[in-house]
Amino acid sequence: MQKVLTIGEVLVEIVATTKGDGFLAAQPLVGPFPSGAPAIFIDQVGKLGTPCAIVSRVGDDDFGRVNIERLRADGVDVSGIEIAEGETTGSAFVRYREDGSRAFLYNIRHSACGKIRPNPVSEALVDSCDHLHVMGSAFSAPELGAMVMDAAQRIKTRGGTISFDPNLRPELMRDPAMRAPLDAILAMTDLFLPSGEELFLFEPDHDEAGAVEALLARGIRTIVLKRGAKGASLFQKGLRADAQPIPVEELDPTGAGDAFGGAFLSFWLRGTDPAEALRLANAAGARAVTRLGPMEGTSTRTELDAILQGQKG
Ligand code: ATP
Ligand code: MG
């Protein structure tokens, strides 16, 4: 089976258990939960039994260890997570506001992952993997961005495939330093996984159908549009499929997009019928929002089937 690689920040998340704006007052918190978009994504890939690995860098601390142990237990090759003595793993505090939006407080500016550089283990992983999942947010850090770009070029040149989740706010696209690498990644992308308005990042002058058509015309094989609590849609040349949202109680939506993407990629790589892969990924996203903690709701195949059976019954 093809092996999937991703590269990026691993951190812990600490979640406020009461709703409100920010962290000025003392309040009940839970965590640390394993987190980081690439970590959540690759954990979901591992849970579905697809060979996979992550390249990252953490401190020699419990926040790093909690991630490494979880990812290893869920089937991810963690040999590419470098442990940096005397440095610290990043963290993020999140609090939900009454309107459902999120207040984030990040401690990642000086995290161990900020000093990530290619090393013999990461180079060997790039050489041994067949698929790279790219997070657009990687390009806000120049060294990480350079590693991701190099890995994408090497894997693509060898005949491998690339999936791309922009994972960005549209404002960031106005930064010219981000624009060039994102355009270069899009040109290599086989599977594009935008969320909501990210569909228009590269095709701003179109409606949804026009943007999809223009992106497919660029050579992207599959586009999967995540629509949050409204479900998801899949587009290929001559094919459209829609997944209606599965009714669930949304407890913590952070990480749903990564669980969705990791599940979709696993089935897409196995050659599962695209509409069926979409149905399974939609279930992975729905289950993810029912658990507190961004990585706590990643799913095994048995758990996805249970969600889908519950929906029928
Ligand atoms: P992230 O916060 O991780 O960046 P995202 O914005 O990339 O998330 P979403 O669109 O929020 O991704 O969620 C991904 C998928 O999960 C949706 O397309 C849908 O299939 C499922 N999903 C998300 N929220 C809900 C919900 N409230 N009910 C049912 N399914 C949901
Ligand atoms: Mg979302």
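Both backbone and side-chain heavy atoms feed into the values below; hydrogens, waters and symmetry mates do not. All ligand and atom numbering here is 1-based and tracks the order in the structure. This one's a predicted model, so the numbers in the text were calculated from it and none came from an experiment.
Within ligand 1, the atoms closer than 4.0 Å to a non-hydrogen atom of Asn282 are 19 (C), 20 (O), numbered from 1 in the order shown. For ligand 1 and Ile246, the ligand atoms under 4.0 Å from any heavy atom of the residue are 28 (N), 29 (C). The atoms of ligand 1 that sit less than 4.0 Å from any heavy atom of Gly257 are 1 (P), 3 (O), 5 (P), 7 (O), 8 (O), 12 (O), 13 (O), 14 (C). Distances below 4.0 Å separate heavy atoms of Gly255 from the following atoms of ligand 1: 2 (O), 3 (O). Atoms of ligand 1 found under 4.0 Å from any heavy atom of Val248, numbered from 1 in the order shown, are 28 (N), 29 (C).
Comparing Pro247, Ala259, Gly285 against atom 16 (O) of ligand 1, the shortest heavy-atom distance belongs to Gly285. The heavy atom nearest to atom 13 (O) of ligand 1, considering only Pro253, Ala232, Ala256, is found in Ala256. Of the options Ala243, Gly228, Gly261, the smallest heavy-atom separation from atom 10 (O) of ligand 1 is shown by Gly228.
When the side chains of ILVMFWY residues are joined at heavy-atom separations under 4.5 Å, either directly or via intervening members, Leu132 and Leu186 end up in a single hydrophobic cluster. Each of Ile108 and Met178 belongs to its own hydrophobic cluster when Ile, Leu, Val, Met, Phe, Trp and Tyr are linked at side-chain heavy-atom distances under 4.5 angstrom.
Arg102 forms no cation-pi arrangement with Phe104, by the criterion of a distance under 6.0 Å to the ring centre and an angle within 45° of the ring axis.
Side-chain contact between Val55 and Ile116 is present, with heavy atoms from C-beta onward closer than 4.5 Å.
At least one heavy atom of Arg102 sits under 4.0 Å from some atom of ligand 1.
Looking at Lys156, its side chain does come within 3.5 Å of a backbone N or O of Met188 through a donor-acceptor pair. Put simply, the side chain of Thr189 never gets that close to the backbone of Phe192: no donor and acceptor are under 3.5 Å apart.
Residue Ser195 has at least one N or O atom closer than 3.5 Å to an N or O atom of ligand 1. Residue-to-ligand polar distances keep Leu225 apart from ligand 1: every N/O pair is separated by 3.5 Å or more.
A salt bridge between Asp130 and Lys3 is absent, with no side-chain N of the basic residue lying under 4.0 Å from a carboxylate O of the acidic one.
With a 4.0 Å cut-off on non-hydrogen atoms, Arg227 touches ligand 1 through its backbone and not its side chain. Within the 4.0 Å heavy-atom criterion, both parts of Lys226, backbone and side chain, lie near ligand 1.
A salt bridge (charged side-chain N to carboxylate O under 4.0 Å, His left out) with Glu82 holds for exactly one of Arg117, Lys115, Arg57; it is Arg57.
Taking the six-membered ring where the residue is Trp, Phe93 and Phe23 present perpendicular rings, their angle passing 60° and hence far from 30°.
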